[in-house]
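Written out below as structure tokens is the structure these notes cover.
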Amino acid sequence: MSCNNCTSGSDCSSGSCSFENNNASGTCTSSTPHCGKCCGGSCSSVREMVLSPLELSLLQLFSVYPFLPAARDKDGMPVYFPDASSDVSATSADDISAGLYALEAKQIISVDEDIPIAGYDYSIYHDFPLHGSMALTAFGQDILDSLIYQNSSPGLPVL
């Protein structure tokens with residue numbers, strides 16, 4: 001099956017995509033099986049998510065900590081200062097922001113500047129106007145669960 005007539009970034013759940021399947025052509029509805037990858041992707045039952053090594057390292061943090069402190073810079077980019085013991089602690093702040101932005105754009109994490117972590121000292125983020133938290137989305141949890149499940153396969157990251 002393949003989706004077509006989609007606008008960039010749309011998914012079949014919006015009902016705006018036309019699709020072809022084994023039976024007929026029509027409009028996707030919320031009850032129609034779809035992969036959410038119209039625009040250039042295939043609507044098979046197998047989903048593929050490509051993550052950079054940095055995105056995988058950041059995702060690994062969410063396997064340990066369900067909520068992490070975050071801020072947004074003046075350009076709207078997520079900001080996170082990792083603990084010194086973290087795998088990403090030697091990564092530049094700009095690279096971490098780009099990795100978090102990519103995870104947010106892929107709807108793997110949610111960065112919520114209106115939901116701060118209770119009792120967290122945000123003084124390290126004093127230069128940034130918005131402070132809050134970030135966490136996995138339901139889709140992100142599915143991705144993480146899939147990686148953990150497939151952990152024993154060669155070539156996959158160990159989380």
(message) Is there a side chain to side chain contact (heavy atoms under 4.5 Å, CB included) between Ser86 and Leu61? Walk through the geometry before answering.
(response) CA-CA 8 Å; Ser86 167; Leu61 287 173; 3.5 Å; yes
(request) Take Lys74 and Phe128 through the side chain to side chain contact (heavy atoms under 4.5 Å, CB included) test and state the conclusion after the steps. (result) CA-CA 7 Å; Lys74 63 182 174 8; Phe128 303 98; over 6 Å; no
(request) Tell me, yes or no, whether the heavy-atom count around Phe67 atom CZ, taken from other residues, nucleotides or ligands under 6.0 Å, exceeds 12. (result) no
(request) Would you confirm whether Ser133, through its side chain, and Ile115, through its main-chain N or O, come within 3.5 Å as a donor-acceptor pair? (result) yes
(request) Taking His131 for its side chain and Tyr125 for its backbone only, find out whether a donor-acceptor pair lies under 3.5 Å. (result) yes
(request) Check side-chain contact (heavy atoms from CB on, under 4.5 Å) between Asp142 and all other residues, then give those that pass, not counting sequence neighbours. (result) none
(request) Taking the side chain as every heavy atom from C-beta outward, state whether Leu51 and Ile108 have any atom pair closer than 4.5 Å. (result) yes
(request) Using a 4.5 Å cut-off on heavy atoms from C-beta on, say whether the side chain of Glu104 contacts that of Pro78. (result) yes
(request) Could you state whether Tyr80 and Leu130 fall into the same hydrophobic cluster, counting links through intermediate Ile, Leu, Val, Met, Phe, Trp or Tyr residues with side-chain heavy atoms under 4.5 angstrom apart? (result) no
(request) Tell me whether Ile96 is reachable from Tyr120 by hopping between hydrophobic residues (I, L, V, M, F, W, Y) whose side-chain heavy atoms are closer than 4.5 Å. (result) yes
(request) Check whether more than 12 heavy atoms from other residues, nucleotides or ligands sit under 6.0 Å from atom OH of Tyr122, and answer yes or no. (result) yes
(request) Any chance you could measure Gln60, atom CD, to Ser57, atom OG, to the nearest 0.5 Å? (result) 6.5 Å
(message) Check for me, please, whether Ile117 and Val79 land in the same ILVMFWY cluster - side-chain distances under 4.5 Å, paths through other members count.
(response) yes
(request) Mark yes when over 12 heavy atoms from residues, nucleotides or ligands other than Phe81 sit less than 6.0 Å from its CZ; otherwise mark no. (result) yes
(message) Quick test of your reading: applying salt bridge (Lys or Arg N to Asp or Glu O under 4.0 Å), list the pairs with at least one residue in residues 105-124, sequence neighbours left out, ordered by first then second residue.
(response) Glu55-Lys106, Arg72-Glu113
(request) Working to the nearest 0.5 Å, report the span between CG of Leu103 and OG of Ser52. (result) 7.5 Å
(message) So Ile109 and Thr137, do their side chains get closer than 4.5 Å, heavy atoms only?
(response) no
(request) Group every Ile, Leu, Val, Met, Phe, Trp and Tyr by side-chain heavy-atom contacts under 4.5 Å, then state whether Phe139 and Leu136 land in the same group. (result) yes
(request) Kindly determine whether Val111 and Leu100 satisfy side chain to side chain contact (heavy atoms under 4.5 Å, CB included), including the steps that lead there. (result) CA-CA 9 Å; Val111 180; Leu100 291 171; 5.6 Å; no
(request) Check whether Ile124 and Met77 end up in the same hydrophobic cluster, where Ile, Leu, Val, Met, Phe, Trp and Tyr are linked by side-chain heavy atoms less than 4.5 Å apart. (result) no
